[in-house]
Structures are given as C-alpha cells and as structure tokens.
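Working notes, beginning with the structure itself.
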Amino acid sequence: MADALDFLKEELADLDRQGLLLHPRTLEGEQRARTRFDGRDVINLASNNYLGLAAHPRLKQAAAEAALEFGAGTGAVRTIAGSMTMHRELERRFAEFKHAEDALMFQSGFTANSGTVAALLTKDDLIVSDELNHASIIDGARLSRAQIKVFPHKDAEAAGRLLAESTERRRLVITDGVFSMDGDIAPLPDLVEVAERHGAIMMIDDAHASGVLGKNGRGTVDHFGMNGRVDIQVGTLSKAIGVLGGFIAGSSHLIDWLVNRGRPYLFSTSAPPAVVAACMAALDVLEDEPERLERLWSNTRSFKEGLHELGFDTGTSETPITPVITGAEAATQTFSRRLFEEGVFTPAIVFPTVPRGKARVRTIVTADHTDEDLKESLDTFERVGRELGLI
C-alpha cells in the first residue's frame, strides 16, 4: 500500500541537498555553559539561557517544592479550573517588573504574540510590522486577518508613512525589542513617537530583551526610558528567565480582554506549579543577583571583540546574540559541525529562518561562561575558520 506521505521523503532529500535539513542535537545534562550534547562535552554557545538561570539552585528548589505541594499539573485551562493563586501572583509580579498595570501568562512567548495580535484586530484594521519581526508576530498578524504592511528594518520614518497613508479604523505598530537572528535593538523611541502621532497601538516583543536590557533586565522599554508609553509588552519566560511560558504586560482592560478572547489562553491547559514557582524564583534572582547581568554584558563585549579581531562578520549585533555570518548554507552547516567536533556548540541558522545567502552560526554567551570558556571558544573559531577558509 502506498504511503500518502511519501512525497515528504523527496522534499527532505531536497532540503538535504541544499544544506537546509536540520539535525537537532540532544542535550544530555543541565543547560549550562559547559554541558553534554550527543555524547560530546562542549562549550555551549547555543542556548538562550542568558543569565544561567535554567539550572540555578533556587529555581530548581522552587520547582521541586511546588510540585510536591501542588502536584505535577493543573488539569484545566485557566478559565475553567486551572487558575491557581500562584498564577495570579506571578502575573502581579511581572506587571510590577514591567511597570504595567497588569500581566497575563501564556503557555509560550509564541502564543503570547500570536494570540494577542489575533485577539485585538480584525479585517478592518492595519498592522505595521518590521520586516525582521519574529515568526509568532507574523502568524498572529495573519490570524487576525488585518491588512499587513511591512516597513524596512528599523525604519521608523517608513512606518510613519504607512500610518499616514492608512484609513483603517485601528492601527498597530509592532516590533521585536531585540531581533533574534541579528542581535540588534529596535529604535523604540522613534517608533513610539510615530505611533503616538498617528494614534496607533504600540506593541513590542521583548523576548530577547527581558532579563537582558534595562534595570535588572526589565527590557527594551526600560532601557530607553519609555515606561508608560508602550501599550503592549510581550515577553517570554523561557530565555533569560530560564523556565517556560510567555506573558503580556499592559493595561488592566487589555488583560481582561485577552482573558476573554485570547485563544491560546482560553484553549490550553495552564502552566504547571513547578514552572510558575520557578519563574517567581527567577524574578527574585534578578533582583538579588544584579552581578549576573553585569557578567553577561562583560562576557558579551569580550567575545565580540575577539570575533572582530579574528576578522569574522558579526553583522549589526548590539547584544549577547552575536551571529557569525558566513553566507552559504552548506558551508555554514560544515562550519557548525566542525566547531562541534572541536568542542564548541553553536548551531547553523539557514533559510527560511534567515534569508538565503545570509546563513550564519548564532552565538550567545551567558553570564555563566568563564574567561577560559571564551578564550577556548575563540581559539576554536580561529582554528576552524582558517581550516575552512572563512578568515
């Protein structure tokens, strides 16, 4: 009997021929600066664990105690029987952290983005979106059925022109805070000014900025001193926070609306107690251990300088996300594989995640990397880069 999905075999073979086939590696220990993937001990430059909180003792202890006291899961969506006191306490604390009236926890940063955009707008509305915004923003925009107009990357004047030309009843300007593939920062003050001038909603996805930019990691809005002027702040609990989930921070009536119309919130079981407790412990660590953020940025500056001295192209990065841009997909896959074989794990990022011809390995140093880790990584980049003719 023929397999109706046989066509996928040829599609996969074609991806392989183009150097686009993904082979995710398997973590065999804790998410740390040095850990074990696929049976090999490596320096880990691949994770979003910016502050090293994923394996922090206080988070692990909080998770374990919550699971023992409250169970492994909640058994329901929030609007039926799955809303716990600890969910509301985490939301209250995140609202305070983001200088917002209220906050709402989602199952992931992806669903926070896509669910919020889709809940706010209709086919009669307009979305003005940066061309390099995250896939979750793009998907939410499509689900909303609003008209979508894309402005060139970080071009606030172009965003303003699109708003000036629009006749839709509601307009939303949306941008990443830190762009996940290039590591550059959105021109938030300029975008806020444009949104305010045209009476548009301003929304920012701060997934890669929460825990990284601003005082104690409060994000892009705090980094630019724009508290109170951004209508919707989106974030994730799975990167610098080190756990799992997403959130929306904003006005109380925004949160009330999402409770009633945010489809991921309405139709997915709520986060388990261990996750919620660990997130609250992470917020404690952000306040109690500011030296982690200082170390993150010290490591970032040191590693970037080392890559530049070696002659690698790191693009427009301004943050711990530091791409090493090589261009060709197949060559980038080889570069990533050889680095791994030499003890440094940094994944190849290829089309469709980035445009064709813009393939790169994406590095992220964390607060937990030591000076020895960074030196060994740079030595490996130099050795493998010369071997492959990249420098």
Side-chain angles (χ1 to χ4, degrees), residues 27 29-35 37 42-60 94 97-98 108-110 112 134 176-186 204-223 233-247 275 278-304 306-307 314 317-324 344-347 349 361-371 373-374 377:
L27 177 64
E30 290 184 326
Q31 189 69 262
R32 291 187 176 274
R34 284 185 184 255
T35 191
F37 282 89
V42 294
I43 298 171
N44 181 10
L45 298 179
S47 82
N48 298 313
N49 187 29
Y50 292 103
L51 298 176
L53 299 187
H56 194 289
R58 290 172 66 176
L59 273 69
K60 293 194 292 184
F94 249 102
F97 183 66
K98 288 289 185 175
S108 68
F110 197 106
H134 191 265
D176 282 10
V178 171
F179 291 88
S180 61
M181 291 299 113
D182 291 295
D184 53 342
I185 303 172
I204 187 167
D205 174 9
D206 241 9
H208 285 277
S210 296
V212 175
L213 294 179
K215 183 181 178 181
N216 295 105
R218 282 177 165 79
T220 309
V221 176
D222 190 81
H223 172 74
Q233 297 184 64
V234 186
T236 180
L237 303 162
S238 61
K239 294 181 171 60
I241 303 304
V243 195
L244 182 70
F247 68 87
V275 165
C279 289
M280 285 194 281
L283 291 180
D284 291 335
V285 173
L286 284 175
E287 294 291 338
D288 297 343
E289 301 180 25
E291 65 274 10
R292 285 185 172 270
L293 190 56
E294 295 167 9
R295 177 69 180 174
L296 170 66
W297 281 98
S298 173
N299 283 346
T300 295
R301 288 188 292 270
S302 175
F303 193 66
K304 282 186 193 295
L307 290 172
T314 62
S317 174
E318 305 170 76
T319 65
I321 297 171
T322 307
V324 177
V344 174
F345 178 31
T346 178
I349 307 294
V361 296
R362 188 185 72 160
T363 71
I364 299 179
V365 297
T366 72
D368 278 357
H369 283 104
T370 65
D371 293 342
D373 294 334
L374 301 183
S377 297

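Throughout, numbering of the chain's residues begins at 1 and tracks the sequence.
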*Quick one: are Leu296 and Pro320 in side-chain contact, heavy atoms under 4.5 Å?*
yes
_Under the rule for side chain to side chain donor-acceptor pair (under 3.5 Å), what residues qualify as partners of Asp184, not counting sequence neighbours?_
His153
_From CA spacing to verdict: side chain to side chain donor-acceptor pair (under 3.5 Å), Thr366, His369_ = CA-CA 6 Å; Thr366 72; His369 283 104; 3.1 Å; yes
*Do the side chain of Arg218 and the main chain of Phe97 share a donor and acceptor less than 3.5 angstrom apart?*
yes
*Backbone N or O of Arg362 within a donor-acceptor pair of the Thr346 side chain at under 3.5 Å?*
yes
_Once salt bridge (Lys or Arg N to Asp or Glu O under 4.0 Å) is applied, what residue pairs with a partner in residues 237-247 remain, sequence neighbours excluded?_
none
*Backbone of Leu53 reached by a side-chain donor or acceptor of Asn49 within 3.5 Å*: yes
*asked:* Ignoring hydrogens, what is the shortest heavy-atom contact between Phe179 and Ile185? Give both atom names and the distance.
replied: CE1-C, 4.5 Å
_Exercise: identify the closest heavy-atom pair between Gly211 and Ala240_ = CA-CB, 3.7 Å
*So do the side chains of Ser317 and Pro323 get within less than 4.5 Å of each other, counting heavy atoms only?*
yes
*Would you say the side chains of Ser302 and Asn299 form a donor-acceptor pair under 3.5 Å?*
no
*What distance do Thr322 atom OG1 and Ile364 atom CD1 have between them, rounded to the nearest 0.5 Å?*
8.5 Å
*Between the side chain of Lys304 and the main-chain N/O of Thr319, is any donor-acceptor distance below 3.5 Å?*
yes
*Check: Glu294 main-chain N/O paired with Ser298 side-chain donor or acceptor under 3.5 Å*: no
_Minimal non-hydrogen separation, Ala186 against Asp176, with atom names_ = CB-O, 3.1 Å
*Could you grab the distance from atom OG1 of Thr314 to atom CD1 of Ile321, nearest 0.5 Å is fine?*
13.0 Å
*Grab the two heavy atoms, one from Arg295 and one from Ala367, that are nearest each other, plus how far apart they are.*
CG-O, 3.0 Å
*Hey, what do you get for CE (Met181) to NE2 (His134), rounding to the nearest 0.5 Å?*
7.0 Å
*Which residues share a salt bridge (Lys or Arg N to Asp or Glu O under 4.0 Å) with Asp182, sequence neighbours left out*: Arg360
_Phe303 side chain reached by Leu45 side chain, heavy atoms, under 4.5 Å_ = yes
_Taking Arg292 first and then Asp368, would you say they form a salt bridge - that is, a charged N and a carboxylate O separated by under 4.0 Å?_
yes
_Audit row: Leu286, Ile241, side chain to side chain contact (heavy atoms under 4.5 Å, CB included) steps and yes/no_ = CA-CA 9 Å; Leu286 284 175; Ile241 303 304; 3.8 Å; yes
_Side chain proximity check, Leu213 to Val178, heavy atoms < 4.5 angstrom_ = yes
*When rounded to the nearest 0.5 angstrom, what distance separates CG in Leu237 from CZ in Phe247?*
6.5 Å
*Measuring from Leu59:CG to Asp284:CG, what's the distance to the nearest 0.5 Å?*
9.0 Å
*Write out all pairs satisfying salt bridge (Lys or Arg N to Asp or Glu O under 4.0 Å) with one or both partners inside residues 204-217, taking only residues at least two apart or from two chains.*
Lys98-Asp206
*asked:* Could you work out, with salt bridge (Lys or Arg N to Asp or Glu O under 4.0 Å) as the rule, every residue matching Arg32, not counting sequence neighbours?
replied: Glu30
*asked:* To the nearest 0.5 Å, what is the distance between CZ on Phe94 and OG on Ser210?
replied: 6.5 Å
_Considering all heavy atoms, the nearest Phe37-Val42 contact_ = CD1-CG2, 4.0 Å
*Tell me, please, which residues at least two apart from Arg301 pass salt bridge (Lys or Arg N to Asp or Glu O under 4.0 Å).*
none
*Verdict with supporting geometry, Val221 and Gln233, side chain to side chain contact (heavy atoms under 4.5 Å, CB included)*: CA-CA 8 Å; Val221 176; Gln233 297 184 64; 3.6 Å; yes
*Donor-acceptor contact present, side-chain Trp297 to main-chain Val212, <3.5 Å*: yes
*What are the two closest non-hydrogen atoms of Val243 and Cys279, and how far apart are they?*
CB-SG, 3.7 Å
